[in-house]
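First comes the structure, then the notes that go with it.
Note that the numbering runs from 1 along the sequence shown for the chain.
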Amino acid sequence: MSRLILRAAAVYVLIVLTGFHTRRRKKPRTHHDGTSVSGDQQKSRDVVEGANVDQADAPATTPRPPKKTKKPKPTFKASEKSIKHAWDDHKKGSQYDKDGKNENLWHDDKMTEQRLRDMIATVQNPGPGQVQVNPRNPTDPRGGNYHDYNTHDSENPTGRNGQTGIRVVVDGDGNMLTAFPWPHNDGT
């Protein structure tokens, strides 16, 4: 019997030392049937039934500020050197200005360096359907694409043969190499 009393006393001491005797059970928030202990559900039902929901004013919301539109990323990089190269190599008196060869030359009167820059900027950030991108010859070790832009404006040709657009040559790394009058096939 004394052993039983000692064991009971030991268990009581352990309970006191661990603090289990002071812990209280948490009060449940809901009964087993799902109803609220505090009556919150009934209060909310009373509010909904007593209110005319159709006539309730919607809470005032502040409109979100419009998102800033990001500038589109250029489809290729055009350096000052590559633009200068495109202008200088294809203008009147350049290396391509030879007897009988007019297909790669800028129009003497209608094409200016500033117009070329503007057209290259359009090719870099085109609108839908403005620029056609074609892969370069697979045997070309530089890779890349041709970016063809045609204004179809016969009153303002870009080339001596009546071309109305430009072809921008872009290497595989996305750098502009040169540009020249285009298209050569129909001139419109």
Side-chain angles (χ1 to χ4, degrees), residues 29 44 48 51 53-188:
R29 295 182 72 197
S44 61
V48 170
V53 178
D54 293 336
Q55 301 298 321
D57 292 334
T61 59
T62 53
R64 289 185 174 181
K67 290 183 178 180
K68 290 184 180 178
T69 55
K70 293 182 180 178
K71 284 186 177 181
K73 187 176 181 181
T75 55
F76 60 88
K77 294 171 250 154
S79 67
E80 184 63 32
K81 182 180 177 182
S82 63
I83 294 173
K84 228 25 192 154
H85 167 76
W87 178 251
D88 290 341
D89 280 5
H90 298 280
K91 69 180 181 180
K92 183 177 183 177
S94 69
Q95 65 177 349
Y96 291 113
D97 191 8
K98 299 176 184 170
D99 290 333
K101 183 170 171 121
N102 287 325
E103 68 182 23
N104 285 338
L105 293 172
W106 302 117
H107 194 278
D108 295 337
D109 300 327
K110 302 287 183 172
M111 194 64 181
T112 64
E113 187 175 356
Q114 184 57 48
R115 182 174 176 212
L116 174 64
R117 288 176 186 279
D118 294 343
M119 290 179 86
I120 289 172
T122 301
V123 174
Q124 279 184 299
N125 298 302
Q130 276 187 311
V131 174
Q132 182 178 0
V133 180
N134 299 308
R136 293 177 72 188
N137 189 334
T139 59
D140 191 333
R142 296 174 295 186
N145 297 305
Y146 295 118
H147 294 251
D148 299 335
Y149 171 56
N150 197 345
T151 63
H152 300 283
D153 182 4
S154 58
E155 298 292 319
N156 293 303
T158 57
R160 280 190 190 169
N161 282 350
Q163 300 98 323
T164 56
I166 63 171
R167 172 170 267 189
V168 179
V169 183
V170 178
D171 69 9
D173 294 329
N175 299 309
M176 176 183 150
L177 299 174
T178 190
F180 49 86
W182 190 258
H184 294 288
N185 55 355
D186 63 0
T188 60

For Gln114, look at atom CD and say whether over 12 heavy atoms of other residues, nucleotides or ligands are found less than 6.0 Å away.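 Correct, the count exceeds 12.
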Taking the side chain from [X] and the backbone from [Y], do they hold a donor-acceptor pair closer than 3.5 Å?
{"X": "Gln130", "Y": "Val123", "result": "no"}
{"X": "Arg115", "Y": "Lys110", "result": "yes"}
{"X": "Glu103", "Y": "Asn161", "result": "no"}
{"X": "Asp173", "Y": "Asn175", "result": "no"}

Nearest heavy-atom neighbours spanning [X] and [Y]:
{"X": "Ile166", "Y": "Trp106", "answer": "CG2-CZ3, 3.7 Å"}
{"X": "Lys92", "Y": "Asp108", "answer": "CB-OD1, 3.6 Å"}
{"X": "Ala179", "Y": "Ala86", "answer": "N-CB, 3.4 Å"}
{"X": "Gly165", "Y": "Pro183", "answer": "N-CD, 4.2 Å"}
{"X": "Thr122", "Y": "Val131", "answer": "O-CG2, 4.5 Å"}

Name of the residue among Thr151, Asn156, Asn150 meeting side chain to side chain donor-acceptor pair (under 3.5 Å) with Asp153: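 Only one option passes, and that is Asn156.
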So if I apply the side chain to side chain donor-acceptor pair (under 3.5 Å) rule between Arg167 and each of Thr178, Asp148, Asn104, which one comes out positive?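 Result: among Thr178, Asp148, Asn104, Asp148 is the only option passing the side chain to side chain donor-acceptor pair (under 3.5 Å) with Arg167.
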Checking side-chain contact (heavy atoms from CB on, under 4.5 Å) for the pair Arg136/Leu177: CA distance, chi angles, key distance, verdict? CA-CA 12 Å; Arg136 293 177 72 188; Leu177 299 174; 3.4 Å; yes
Is there side-chain contact between [X] and [Y], with at least one heavy-atom pair below 4.5 Å?
{"X": "Gln124", "Y": "Met176", "value": "no"}
{"X": "Asp88", "Y": "Ser94", "value": "no"}
{"X": "Arg160", "Y": "Met111", "value": "no"}
{"X": "Lys84", "Y": "Glu113", "value": "yes"}

Nearest-0.5 Å distance that lies between atom CG in Asp97 and atom CG in Leu105: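 Those atoms lie 5.0 Å apart.
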Roughly how far apart are Thr164 OG1 and Tyr149 OH, rounded to 0.5 Å?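 Here the interatomic distance stands at 10.0 Å.
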Have a look at Phe180 and tell me which of Val169, Thr158, Asp89 forms a side-chain contact (heavy atoms from CB on, under 4.5 Å) with it.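 The single option meeting the side-chain contact (heavy atoms from CB on, under 4.5 Å) with Phe180 is Val169.
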Which of parallel (below 30°), tilted (30 to 60°) and perpendicular (above 60°) describes His85 and His90?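 Because their plane-to-plane angle is over 60°, the rings of His85 and His90 count as perpendicular.
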